[in-house]
Amino acid sequence: MKYDFAAIEKKWQDRWEEVKPYAAITGDPRPKFYGLIEFPYPSAAGLHVGHPRPFTAIDIVTRKKRMDGYNVIFPIGYDAFGLPTENYAIKNHIHPSIVTRDNIANFTRQLKMLGYGFDWDRCVDTTDPQYYKWTQWIFLQMFKKGLAYKTTMPINWCTSCKCGLANEEVVEGVCERCGSEVVRREKSQWMLAITKYADRLIDDLDDLDYIERVKVQQKNWIGRSTGCELNFKTNTDDEVTVYTTRADTLFGVTYMVISPEHPLLEKWQNRIENWDEVQAYKEAAARKSDFERGELNKEKTGVRLQGIEVCNPANGMQVPMFVSDYVLMGYGTGIVMGVPGHDQRDWEFATKFGLPIVEVVSGGDISKEAFVSKDDNAIMVNSGFLNGMSVKEAIPAMKDYVIRQGWGKEKTNYKLRDWVFTRQRYWGEPIPLVDCPKCGWVPIPESKLPLVLPQVESYEPTDDGESPLSKMTDWVNTTCPCCGGPAKRETDTMPNWAGSCWYYLRYMDPHNDSCAVSKEAEAYWGPVDWYNGGMEHTTLHLLYSRFWHKFLYDIGVVHTKEPYAKRTSHGMILGRNPHYVGNVETEEEKQALIEKYGSQALRPSVKMSKSLGNVVNPDDVISAYGADTMRVYIMFIGDFEKTATWSDEAVKGSKRFLDRCWNLMDLVQDEAGVSAKNESLIHKTIKKVGEDIENLKMNTAIAALMTLVNEFYANGLSRGDMEYLLLLLSPFAPHIAEEMWEQMGFAAKHGKMAMQMSWPAYDEAKTVDAVREMAVQVNGKLRATILVPNDADDETVVSAACADEKVKRQMEGMQLVKTIVVKNKLINLILKPQN
RNA sequence: GCCGGUGUGGUGGAAUGGUAGACACCAGGGACUUAAAAUCCCUUGGGAGCAAUCCCGUACCGGUUCGAGUCCGGUCACCGGCACCA
């Protein structure tokens, strides 16, 4: 009988739907295991082939954990608020809630077709009022603790989405989502004070089992640096304060620079003799986008503040002050001390404006460029009491001195900014606050949650930067929950990152209508044991949700400091590049491609996109080869952490493997036990596959299964051998494994599905062969292999090696000076010519 | 520029400092078939040789070691992140 994957997969999916073998039981006495994948955004395009990679991997991990006796929770849901749905709705004149409902139905169909062991009864949808009720509740708790605050500030405004963006959502000066230009725009915004958690977000990483690159990226993003704030007297009534990590270079300060946005400039308007010029510079800077301002290699610009002078306390020198847009208002104090000898930016500025450059650390040539020493043994010069010290000594010495003199204090700074938490769009969680002329911002009583998103006529974004909700006057005009007087609702909504900050908690207790998650459920399931997701979420979702979790910890909602004990990350699935130069033969054709597509033409693989026509639809793969083939292929494609290129050709190899498994049923000998011929390899394979699953090395686990099947073809196999193969295959290809398990009569024999069996144990002794092949090297070069008994002693193997014909030939006229034996592996004979 | 990562056959990729290329894809050959597909078996890093066998080979240069794809120093290329963060 042929392997009819379509019928088999349908049959078992229906069975699982009925008997619910994936139901997670809160409070069960077995040890718990919480495996989590990032819940998908249900786009209109449906599932991408990239989705099954992490989903299948954690599905395999959790299937093995079930077989290991764990009470597993492996949940799924939808992160469904967001701009693409809203834009699609506008374009097609369908309400976003309908679009969302249809997209979720399509995703659900596709995910069920892949046979994942999700507990569908725990499915959540962030746009469900019963879900976002608790998103709103958490926001209100933050508001009550002062972590949510409203402020007017320049924000990143996407000109196409007509919406504000968080810093994390701006990539190379353009909108992360649509690629359009981002400009700065003054707007009143709700902010979340994530910076208050900056230290904990860095320090607590140390105890987590996250892959190193995630930790590094989060640390760099938070960007903690320690240094000093220094106060400088001026010839006005005001002191100015700068932040520096190199107080030791204070003697090298030859000027000061202030950011164009700094409020002191306005205050000094009457003191600044060339105010017109300064004001023109301020206006020019304001017109530039952040991207233009941030462009590197750009020549430094600035204007000297005539009439303003600053005193360097270290040497009493009066130095000039400039305004320049290379100083950022958002970091430090918005004023920096210029040390052109030892900071390249300052050097460029000083060179352009003819300012003195003083060397205070020896070792470089400051006439050519700033000397920014990585060597902290470099010696201080021209620096008063620091002269002769190394940089390493001078940093703490100067810090102590500055503090004693009262010139400044120690200070820690972060690159991380508070999180801009409002969006001027319709399809998001309403912010449950009311603005009362008498009482200010007042939260809606918790008993009135959820504050449901109202039905509106038009949810198109507005050019004036107001949310579509602002047009709904009956909804906007309300009464103050505090004084009962007339008041207005907040019309901005939350960003799409809000709902995903805490969804892993809701899975623990998804139907609770009295709290976000019950204490009992959280105490039982928390924290998530293994969370896999994309690197692109490292500084967005992953950081945000750690922040929310820490807040929930502080208010006693959760019992762990961190939400996720372990974090791994998968590489992207790319498509073939249709414009790759390697696709064509002649030089002319190659040149034509390079001219037309530039550096794009040099890459064999690129992100899948409709315009390139290299998109692979999982539906097509499943209907052609079946879900089990899809699962096996996407795991076999390569190292899980690295990017991989989809290959239609290679999929066939995975299908062929499953066909070969299936056809083994015709070969199987009616013998219950494990056959002697296969026993050792079976034990090796159990060990290898089990360890590989734990380490996310699914590609080599599948290779080991292929080797086992190949060996069965060579040796024949017993029913007992088959039983083991099916147990090992079951996490990878659950449908075919169950069908074969049933057809072979194992289901009847054990009264269980394969997935419900225990993961087989291996006997270490049986993974070892009685006879070993050992390599024989002569002077480090492989010359022969010999067969010796397992664990044979050194003497035995050396004499066996020397008896080998090929080795004998090498030894002619030579004398043996040394032997190196690596037990059961190799013998290295060191020879030298006789005499 | 800074931080992190990668570089292995025609291709995807394997290799706790110990037999480089497991397992696949592609290609070639054979069996079965009227034929094709499917299936099964064999060959498949490069070079020399009838052969036994030998030489070369993990981006490049050097080092440590009995032994290096793996460790160390340097160079180049590519990928990801950050980027005037003082």
What nucleotide, of [options], holds the atom closest to the side chain of [X]?
X: A/L782; options: B/A22, B/U39, B/A20; value: B/A20
X: A/Y326; options: B/G81, B/C84, B/U39; value: B/C84
X: A/V216; options: B/C26, B/U19, B/C3; value: B/C3
X: A/A703; options: B/U16, B/C25, B/A22; value: B/A22
X: A/K825; options: B/A86, B/G81, B/G18; value: B/G18
X: A/L826; options: B/A86, B/A15, B/U19; value: B/U19
X: A/S225; options: B/A86, B/U19, B/C23; value: B/A86

What is the nucleic acid contact for [X], judged by heavy atoms within less than 4.0 Å: base, sugar-phosphate only, or nothing?
X: A/V327; result: base
X: A/F636; result: base
X: A/T819; result: nothing
X: A/E641; result: nothing
X: A/G332; result: nothing
X: A/V822; result: base

For this session: Assign a letter to each nucleotide of nucleotides 41-54 of chain B from its 5' end: B, base within under 4.0 Å of a protein heavy atom; S, sugar-phosphate only; -, no contact.
Result: S-----------SS
Problem set entry | Annotated protein contacts, base or backbone, on nucleotides 66-72 of chain B with a non-hydrogen cut-off under 4.0 Å, one of B, S, - each | B------
Problem set entry | Sequence neighbours excluded - side chain to side chain donor-acceptor pair (under 3.5 Å) pairs with any residue from residues 246-256 of chain A | A/R246-A/D248, A/Y255-A/Y326
Exercise. Quick one: do A/E38 and A/R567 make a salt bridge, cutoff under 4.0 Å?
Worked result: yes
Problem set entry | Salt-bridge present (A/D659, A/K652; N to O < 4.0 Å) | no
Problem set entry | Donor/acceptor link under 3.5 angstrom from A/E773 side chain onto base of B/U19 | yes
Rounding to an integer number of Å, can you tell me how far [X] [atom1] sits from [N] [atom2]?
X: A/K688; N: B/A14; atom1: NZ; atom2: P; value: 10 Å
X: A/N699; N: B/U11; atom1: CG; atom2: P; value: 19 Å
X: A/R603; N: B/U6; atom1: CZ; atom2: C1'; value: 14 Å

Seminar exercise, completed: Here the pair of heavy atoms bringing A/G302 nearest to A/F349 is CA-CE1, 4.3 Å
Exercise. For the residue pair A/P52 and A/M635, what are the closest heavy atoms and their distance?
Worked result: O-CE, 4.5 Å
Exercise. What is the glycosidic conformation of B/G28: syn, defined as within 90° of 0, or anti?
Worked result: anti
Which pairs of donor and acceptor atoms, one on a side chain in residues 785-792 of chain A, lie under 3.5 Å apart (sequence neighbours left out)?
{"unit_1": "A/N790", "atom_1": "OD1", "unit_2": "A/R772", "atom_2": "NE", "d": "2.8"}
{"unit_1": "A/N790", "atom_1": "OD1", "unit_2": "A/R772", "atom_2": "NH2", "d": "3.3"}
{"unit_1": "A/N790", "atom_1": "OD1", "unit_2": "A/N824", "atom_2": "ND2", "d": "3.4"}
{"unit_1": "A/D791", "atom_1": "OD1", "unit_2": "A/N824", "atom_2": "ND2", "d": "2.8"}

Exercise. Can a side chain N or O of A/T700 be found less than 4.0 Å away from OP1 or OP2 on B/A22?
Worked result: no
Exercise. Side-chain N or O of A/R656 less than 4.0 angstrom from OP1 or OP2 on B/C26?
Worked result: yes
Exercise. Once you round to the nearest 0.5 Å, how far does CG of A/D346 lie from NZ of A/K300?
Worked result: 8.5 Å
For this session: Can you label the angle between the A/W646 ring and the A/Y633 ring as parallel, tilted or perpendicular, going by 30° and 60°?
Result: perpendicular
For this session: In whole angstrom, give me the gap between the C1' atoms of B/C79 and B/A27.
Result: 31 Å
For this session: Can you sort out the partners of A/Y713 under ring pair (Phe, Tyr, Trp, His ring centres under 6.0 Å), two or more places apart, ordered by chain and number?
Result: none
Exercise. Once Watson-Crick and G-U wobble pairs under 3.5 Å are found, how is RNA chain B written in dot-bracket notation, 5' to 3', with | for any base paired to another strand?
Worked result: (((((((..(((.....[....))).(((((.......))))).((((....))))..(((((..]....))))))))))))....
